[in-house]
Amino acid sequence: VSAFSCSVVTKLPRSRVWSLLTDITNWPKFSDMYSDLRWDGTPWAEGSALVGQLNYPIVVSGRYVIKKCDPPALIRYLSQTRDAGFATERTITLEQVTEGTQIRVEAYVVGRPEMPGGASEFLRSLTTRWFAEFALFCDKQAASGSDS
């Protein structure tokens, strides 16, 4: 089992970050990492799954089963990537801070991935890039004044 964490800060308040994050139609607007996203079950309900294709750094189909969802503070899910040989559990926490919202991601990798650099490197790269792009998307919303 390997683990890592990363965090980013955006200028938007936590409630707004939560609504942008949990609306999966926003995801393709700031990142090309995922496509064909859809829900298998009730969105964000425990036991439901977000299903789609991961396009970076390799193309694989993914299934993200919601373990816990506590708006607007926490999402925990189990990520199962078919054919990649590993699973990850990720916890995303949103914390209101003076300058906006801190988004923190903690991930644990289980299994033996069939990819260069291993699962930790793959996951760190993917997660860091995706959340950096998401924070930038949030900051653009803040700059355009659409934080209602």
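In what follows, every heavy atom counts, from backbone to side chain, and hydrogens, waters and symmetry copies are set aside.
Of all the heavy atoms in Q96 and R14, the pair that sits closest is OE1-N, 2.8 Å. Across every non-hydrogen atom of V8 and F131, the tightest pair is CG2-O, 3.8 Å. Heavy-atom minimum distance, E46 versus K67: CG-O, 2.8 Å. Counting all heavy atoms, side chain and backbone alike, T22 lies closest to W44 at O-NE1, 2.8 Å. Across N55 and Y34, no two heavy atoms sit closer than the pair ND2-C, 3.5 Å. Here the closest heavy-atom approach between residue G47 and residue V65 is recorded as O-CG1, 4.1 Å.
Remark: aromatic rings of F30 and W130 are close, center separation under 6.0 Å.
T127 places no side-chain N or O within 3.5 Å of a backbone atom of R124 that could act as its donor or acceptor partner. Checking side-chain atoms of N26 against main-chain N and O of L20 turns up a donor-acceptor pair under 3.5 Å.
The side-chain contact (heavy atoms from CB on, under 4.5 Å) test with I75 singles out one residue from L21, T91, D70, and that residue is L21.
Hydrophobic clustering places V60 together with L37 (ILVMFWY residues linked when any side-chain heavy atoms are closer than 4.5 Å, directly or through intermediates). Residues L78 and L74 are members of separate hydrophobic clusters, defined by side-chain heavy-atom contacts under 4.5 angstrom among Ile, Leu, Val, Met, Phe, Trp and Tyr.
Note: Q102 CD to T93 OG1 = 7.0 Å, rounded to the nearest 0.5 Å. The CG atom of D40 sits 7.5 Å away from the OG atom of S48 when rounded to the nearest 0.5 Å. M33 CE to L126 CG: the interatomic distance, rounded to the nearest 0.5 Å, is 5.0 Å. Residue K140 holds its NZ atom at 13.0 Å from NZ of K29, rounded to the nearest 0.5 Å. Rounded to the nearest 0.5 Å, atoms OG (S7) and CG (L94) are 12.0 Å apart. We find the CZ-SG distance between R76 and C69 to be 11.5 Å, quoted to the nearest 0.5 Å.
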Do I92 and Y77 pass the side-chain contact (heavy atoms from CB on, under 4.5 Å) test, and can you show the C-alpha distance, the side-chain angles, and the key distance before you say yes or no? CA-CA 9 Å; I92 302 167; Y77 62 93; 3.8 Å; yes
What verdict does the side-chain contact (heavy atoms from CB on, under 4.5 Å) test give for V51 and W39, after you've listed the backbone C-alpha separation in whole Å, the side-chain angles of each residue and the deciding distance to 0.1 Å? CA-CA 6 Å; V51 182; W39 281 101; over 6 Å; no
Test log, rule side-chain contact (heavy atoms from CB on, under 4.5 Å), inputs W18 and T101: CA-CA 10 Å; W18 180 268; T101 304; over 6 Å; no
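Judged by distance alone, the side chains of R90 and S79 never bring a donor and an acceptor atom under 3.5 Å apart.
Between T10 and F137, the closest side-chain pair of non-hydrogen atoms is not below 4.5 Å.
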